[in-house]
Amino acid sequence: MDFLQLNSIYNSSSSLLDLIFANKESIDVDVAPVSLVPCDIYHPALSFNYQFPVPLFMLDDSHSYRDFNNADFDSIAKALADNDLSTTFNIQPADLSATRLQDSILDAIQRFVPLKPFRRSTFPSWVSPVLKSLLFKKKFKKQARFMTTTRSLIYVLNVKHYLNHV
């Protein structure tokens, strides 16, 4: 996994007690201007920044993604429970153990989380998800009303047609 230690912020005792590991060198670690919890002299608040190399809006239409809403989480849990990693963690170095754990998780995801094709939205980019939901609800109500009135009209016409021919 090629982890790098990125924190170079020392505490008041000139020690590095808080460690940040990542496999990208492009992460900046600094002293946080605001802390979420009260700080002590041994653990200064840290912040980190990472710039994504490619904007997320540049998705193409030809890819697929993992549909975690329809994942088989019971099978994932069973697969991870069946994979005894305790000996791996006790014998192997930390980076190899982390790689083995990551491989186990990725294998379970590939086996039990279905792939779903990406479909680009036909809505303009400024249409929010809330507005899309409202539009779909409105369309569904109109369809339901049309179907009930159409069925009623067809029934009435069939009855009149039958009565005219009897």
Side-chain angles (χ1 to χ4, degrees), residues 1-140:
M1 295 180 70
D2 299 324
F3 282 133
L4 305 166
Q5 181 178 339
L6 300 172
N7 181 17
S8 60
I9 308 297
Y10 292 92
N11 64 13
S12 63
S13 301
S14 299
S15 298
L16 283 174
L17 296 181
D18 299 308
L19 304 176
I20 296 178
F21 292 102
N23 60 356
K24 302 281 185 199
E25 289 185 41
S26 58
I27 297 175
D28 298 321
V29 180
D30 295 308
V31 175
V34 178
S35 175
L36 295 175
V37 295
C39 292
D40 60 34
I41 59 173
Y42 299 107
H43 302 282
L46 302 175
S47 70
F48 59 92
N49 295 316
Y50 175 70
Q51 296 294 326
F52 287 100
V54 177
L56 295 179
F57 302 108
M58 302 299 289
L59 297 175
D60 63 359
D61 292 345
S62 63
H63 77 278
S64 57
Y65 62 95
R66 295 282 172 187
D67 183 11
F68 283 90
N69 290 330
N70 293 312
D72 185 359
F73 287 105
D74 292 332
S75 296
I76 292 173
K78 185 176 181 331
L80 293 176
D82 289 345
N83 193 353
D84 182 24
L85 296 172
S86 60
T87 54
T88 302
F89 291 129
N90 290 332
I91 297 171
Q92 294 182 343
D95 59 340
L96 292 177
S97 297
T99 300
R100 174 91 189 278
L101 176 63
Q102 182 182 22
D103 290 344
S104 299
I105 293 170
L106 290 175
D107 178 60
I109 289 171
Q110 288 173 352
R111 288 177 28 208
F112 302 114
V113 180
L115 272 175
K116 192 170 185 178
F118 174 78
R119 291 184 305 190
R120 186 171 297 282
S121 174
T122 57
F123 287 100
S125 59
W126 51 265
V127 176
S128 70
V130 174
L131 181 56
K132 285 180 190 177
S133 175
L134 290 172
L135 290 171
F136 283 124
K137 286 178 184 175
K138 180 180 177 184
K139 180 180 177 183
F140 178 74

Task: Nearest heavy-atom neighbours spanning V113 and A71 - done: CG2-CB, 3.7 Å

TODO: Indicate the atoms forming the closest heavy-atom contact of V127 with K132, along with that distance.
DONE: CG1-CG, 3.6 Å

Task: Considering all heavy atoms, the nearest I41-S12 contact - done: O-OG, 3.0 Å

Task: Pair K78-D74, salt bridge (Lys or Arg N to Asp or Glu O under 4.0 Å): steps then yes or no - done: CA-CA 6 Å; K78 185 176 181 331; D74 292 332; over 6 Å; no

Task: Heavy-atom neighbours of L106 CG exceed 12 at 6.0 Å - done: yes

Open item on the list: Tell me the closest heavy-atom pair linking Y65 and F118, and the distance in Å.
Closed with: CE2-CA, 4.1 Å

Open item on the list: So for atom CZ, which belongs to F73, do other residues, nucleotides or ligands contribute more than 12 heavy atoms lying within a distance under 6.0 Å?
Closed with: yes

Open item on the list: Would you compute the distance between atom CD of Q102 and atom CG of D95 and round it to the nearest 0.5 angstrom?
Closed with: 12.0 Å

- [ ] Carefully, step by step, assess I76 and L80 under the rule side-chain contact (heavy atoms from CB on, under 4.5 Å).
- [x] CA-CA 6 Å; I76 292 173; L80 293 176; 4.0 Å; yes

TODO: Indicate the atoms forming the closest heavy-atom contact of P44 with C39, along with that distance.
DONE: C-SG, 4.4 Å

Task: Closest approach of S13 to N11 (non-hydrogen atoms, all atoms of both residues) - done: N-OD1, 2.9 Å

TODO: Find the distance between OG (S104) and CG (D82) and round it off to the nearest 0.5 Å.
DONE: 11.0 Å

Task: OG-CG distance between S128 and L134, expressed to the nearest 0.5 angstrom - done: 8.0 Å

